[in-house]
Amino acid sequence: MQFIDLKKQYESIKDDVLNEIQEVLDSGQFILGDKVKDLETQLSQYTNSKYCIGVADGTKALLIALMALDIGVGDEVIVPSLTFIATASMALLLGATPVFIDVDPISYNMDANKLEAAISSKTKAIIPVGLFGQCADMDAINAIANKHNIAVIEDAAQSFGSRYKDRASSNTSTIGCTSFFPSKPLGCYGDGGACFTNNDDLAEAMRQIRIHGQDKRYHHARLGLNGRLDTMQAAILLAKLRVFDKEVEAREKIGARYTELLKDANCVTPQIMPYNTHVYGQYTILVTNRNEFIEALKQQGVPTAVHYPIPLHKQPILHKFYTNQDLSVSERLANCVVSLPMHPYLDVETQDRIVAVVKENLPVTASIV
Ligand SMILES: *Cc1c(COP(=O)(O)O)cnc(C)c1O
């Protein structure tokens with residue numbers, strides 16, 4: 001059994017993928033070109049964003065977004081303390097200071113109620129994450145950010161394909177950043193990512209930054225890097241995008257089925273916030289006996305993963321930026337989160353088997369609070 005079965009997906013779209021790759025090989029256009037342009041057009045339509053800029057990976061998407069906003073030394077960037085390292089480390093790479101705030105105990109996303117207290121005169125950006133596949137409360141976060149004239153970067157690496165109210169994840173704030181790492185909801189066969197915005201100037205800045213800050217050939221108007229989306233990956237994504245709606249639907253159904261089957265079990269299942277749809281980038285439950293639980297599942301052939309075992313403020317490279325604020329929800333979650341196999345091709349029999357093994361290995365007493 002696979003944690004994420006990419007092979008099953010490949011089997012079902014093989015001809016289309018091979019055809020797309022063949023077209024790139026035949027064209028001889030291996031850097032940017034029509035495939036990247038087509039994908040950007042289709043993704044901006046998919047998210048209803050004015051602009052989509054294909055970039056090398058999700059980490060580079062965040063870096064390029066921060067660079068377009070001129071973030072650097074002396075600036076503060078607010079991040080949730082429970083997320084993947086890249087949400088905070090790209091600000092650090094630019095010399096800015098990450099400021100941590102706790103996550104909400106129900107949504108596991110940035111707690112908008114704690115945001116105002118974390119803002120200072122140095123705050124330049126806020127990066128809410130759609131952790132596990134549903135957006136943070138973006139309107140609440142945007143309202144506070146607007147009041148203080150601060151940019152909001154949505155880290156949509158796990159939530160791409162989900163919706164916040166009437167908007168697509170990636171198009172809920174100043175800039176949206178996503179990743180096409182193979183295991184993400186929309187994944188390619190290597191590294192890939194994209195930035196989204198409705199702002200003309202930021203779009204132009206991000207487009208330039210991804211090619212060494214070039215405005216004209218060999219003329220460098222601003223500091224940039226090599227951050228382009230690979231053309232082969234763009235072609236693969238064109239094929240994957242054709243089945244993405246169907247896959248999102250399957251994800252929603254499989255996630256809901258897990259929740260239904262586990263409703264009386266001694267674990268906490270994900271809750272979809274009323275303003276969201278959920279793509280279950282991860283199907284993550286909370287258990288009180290995580291180490292034994294993971295080991296027992298492994299013995300019985302059910303792979304799991306932990307997203308994430310250490311909250312950001314406890315990471316060696318980030319700990320010095322921790323200023324003793326209360327991050328207890330993130331700390332508690334880091335101790336009890338565990339993700340179950342989740343992908344759009346998970347069949348009912350396999351899911352039933354996973355649920356049976358999960359139930360068998362949950363603690364009999366001591367429910368979670
Ligand atoms: C995967 C991920 C990233 C980084 O994306 P890469 O494409 O792996 O660089 C950033 N933020 C979050 C929340 C992620 O899950």
Side-chain angles (χ1 to χ4, degrees), residues 3-4 6 39 43 52-67 77-94 98 100-101 103 107-110 125-136 138 141 152-162 164 169-170 172-173 175-196 206 210 225-230 232-234 236-237 240 251 270 278-284 305-312 315 317-318 330 333-334 337 339 342-343:
F3 185 68
I4 296 172
L6 295 171
L39 180 72
L43 289 176
C52 167
I53 295 107
V55 299
D57 52 62
T59 305
K60 239 59 125 280
L62 291 164
L63 179 63
I64 290 168
L66 290 163
M67 287 174 78
V77 176
I78 298 175
V79 297
S81 52
L82 188 73
T83 175
F84 182 60
I85 188 73
T87 309
S89 59
M90 291 304 99
L92 188 55
L93 194 66
L94 293 171
F100 310 108
I101 63 172
V103 295
S107 70
Y108 311 153
N109 277 322
M110 177 179 277
I126 302 164
I127 313 185
V129 179
L131 196 71
F132 305 149
Q134 68 172 330
C135 289
M138 298 307 291
I141 292 166
V152 177
I153 300 171
E154 181 197 352
D155 182 343
Q158 297 179 19
S159 56
F160 193 81
S162 76
Y164 173 81
S169 176
S170 287
T172 65
S173 64
I175 297 175
C177 293
T178 198
S179 163
F180 305 126
F181 186 82
S183 62
K184 308 284 173 164
L186 180 63
C188 55
Y189 291 148
D191 279 308
C195 298
F196 297 85
M206 293 192 287
R210 81 170 171 185
L225 56 129
N226 182 350
R228 298 175 291 250
L229 175 63
D230 183 71
M232 206 68 91
Q233 299 304 335
I236 291 160
L237 284 164
K240 293 233 193 175
R251 285 179 170 280
H278 202 314
V279 286
Y280 301 101
Q282 310 292 347
Y283 189 89
T284 305
V306 174
H307 305 100
Y308 294 92
I310 307 172
L312 290 190
Q315 291 289 351
I317 56 157
L318 295 173
S330 301
L333 288 170
V337 284
S339 305
M342 177 71 212
H343 58 85

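Numbering of ligands and ligand atoms starts at 1, following listing order.
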Look at atom 9 (O) of ligand 1 and say which protein heavy atom is nearest, naming residue and atom and giving the distance to 0.1 Å. T59 OG1, 2.5 Å
Quick one: nearest non-hydrogen protein atom to atom 3 (C) of ligand 1, plus distance?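 Ranked first by proximity to atom 3 (C) of ligand 1 is F84 CD2, 3.6 Å.
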Which bit of [X] is near ligand 1, meaning a heavy atom under 4.0 Å away: side chain, backbone, both or neither?
X	answer
D155	side chain
K184	side chain
L131	neither

Going by the angle between their ring planes, with limits at 30° and 60°, are Y308 and F84 parallel, tilted or perpendicular?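 If you compare the ring of Y308 with that of F84, the planes turn out tilted.
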Looking only at side-chain N and O atoms, does E154 offer a donor or acceptor that is under 3.5 Å from a partner on T172?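 Judged by distance alone, the side chains do pair up.
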Under 3.5 Å, is there a donor on one side chain and an acceptor on the other for H307 and S339?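 Yes, a side-chain donor-acceptor pair sits under 3.5 Å.
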I want to check something: taking the side chain as every heavy atom from C-beta on, are F180 and D191 in contact at a cut-off of under 4.5 Å? no
Does [X] reach the main-chain N or O of [Y] with its side chain, forming a donor-acceptor pair under 3.5 Å?
X	Y	value
N109	Q134	yes
Q233	Y189	yes
K240	G187	yes

Backbone or side chain, does any N or O of F181 fall under 3.5 Å from an N or O of ligand 1?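 No.
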Check this for me - ligand 1, D191, N or O atoms closer than 3.5 angstrom, yes or no?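 For ligand 1, there is no N or O atom that lies under 3.5 Å from one belonging to D191.
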Considering the heavy atoms of [X], write down every atom of ligand 1 situated less than 4.0 Å from one of them.
X	value
T83	13 (C)
S179	5 (O), 6 (P), 7 (O)
V129	13 (C)

